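Reckoned from all heavy atoms, side chains included, excluding hydrogens, waters and symmetry mates. What you see is a predicted model; the values in this text were computed from it and never measured.
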Amino acid sequence: QVQVVESGGGSVQSGGSLRLSCVVSGYTYSDYSMAWFRQAPGKEREAVAGMNSGGRTNYGESVKGRFTISQDTAINTLYLEMNSLKSEDTAMYYCAAGPFIRVPAWLLRPENYAYWGQGTQVTVSA
């Protein structure tokens, strides 16, 4: 059984930083992809960043240059380093995992991920 668990959310002032973590267990394939998505109240889910096991990454337009996705394969953990946070970054952040995705644009498509966490809340105050 695959489990996806996020952590690291919290409240921060505008301009601050946070690092989210996502631990995936039970996924036995050596090739995979993982991603971060977010959803604010009353808004559609938005792709934040995605990464495959080969290290290829892609970012949503609104976070490029501010957020960095990375992974530690030894401990099956995905990270999202968020800098220069803005109030519009306030949302529930979800981690997702699934099969290997070669095309960078497809890393940001939620339908390509089978396993999702419960989310971690990020609140940025002005």
Of all heavy-atom pairs between [X] and [Y], which one has the smallest distance, and what is that distance?
X	Y	value
Ala40	Ala91	N-CB, 3.8 Å
Ser14	Ala126	CB-CA, 4.1 Å
Ser84	Ser17	N-OG, 4.4 Å

What distance separates [X] [atom1] from [Y] [atom2], expressed to the nearest 0.5 Å?
X	Y	atom1	atom2	answer
Gln71	Ser21	CD	OG	13.0 Å
Leu80	Arg19	CG	CZ	10.5 Å
Ser125	Gln13	OG	CD	5.0 Å
Ser11	Leu85	OG	CG	11.5 Å

Verify same cluster id: [X], [Y] (apolar side-chain graph, 4.5 Å):
X	Y	value
Leu78	Leu18	yes
Tyr93	Val4	yes
Val122	Val48	yes
Met34	Val2	yes
Val63	Leu20	yes

Is the shortest side-chain heavy-atom distance between Val23 and Ile75 below 4.5 Å?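 No, every pair of side-chain atoms sits at 4.5 Å or beyond.
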side-chain hydrogen bond (donor to acceptor under 3.5 Å, both in side chains): which pairs involve residues 41-51, sequence neighbours left out?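 Residue pairs with at least one partner in residues 41-51: Arg38-Glu46, Glu46-Ser62.
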All pairs passing side-chain hydrogen bond (donor to acceptor under 3.5 Å, both in side chains) where residues 48-59 contributes a residue, at least two apart: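 Sorted result for residues 48-59: empty, none.
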For the side chain of Thr120 and the backbone of Ser7, is there at least one donor-acceptor N/O pair under 3.5 Å apart?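 Here the side-chain-to-backbone pair does not exist.
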List the steps and the verdict of side chain to side chain contact (heavy atoms under 4.5 Å, CB included) for Met82 and Val12. CA-CA 11 Å; Met82 305 185 293; Val12 63; over 6 Å; no
Which donor-acceptor pairs under 3.5 Å do side chains of residues 94-119 form with protein atoms, sequence neighbours excluded?
| unit_1 | atom_1 | unit_2 | atom_2 | d |
| --- | --- | --- | --- | --- |
| Asn112 | ND2 | Trp106 | O | 2.9 |
| Tyr113 | OH | Leu107 | O | 2.7 |
| Trp116 | NE1 | Tyr113 | O | 3.1 |

Ring-plane angle category for Tyr27 and Tyr32, please: parallel below 30°, perpendicular beyond 60°, tilted otherwise.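 If you compare the ring of Tyr27 with that of Tyr32, the planes turn out perpendicular.
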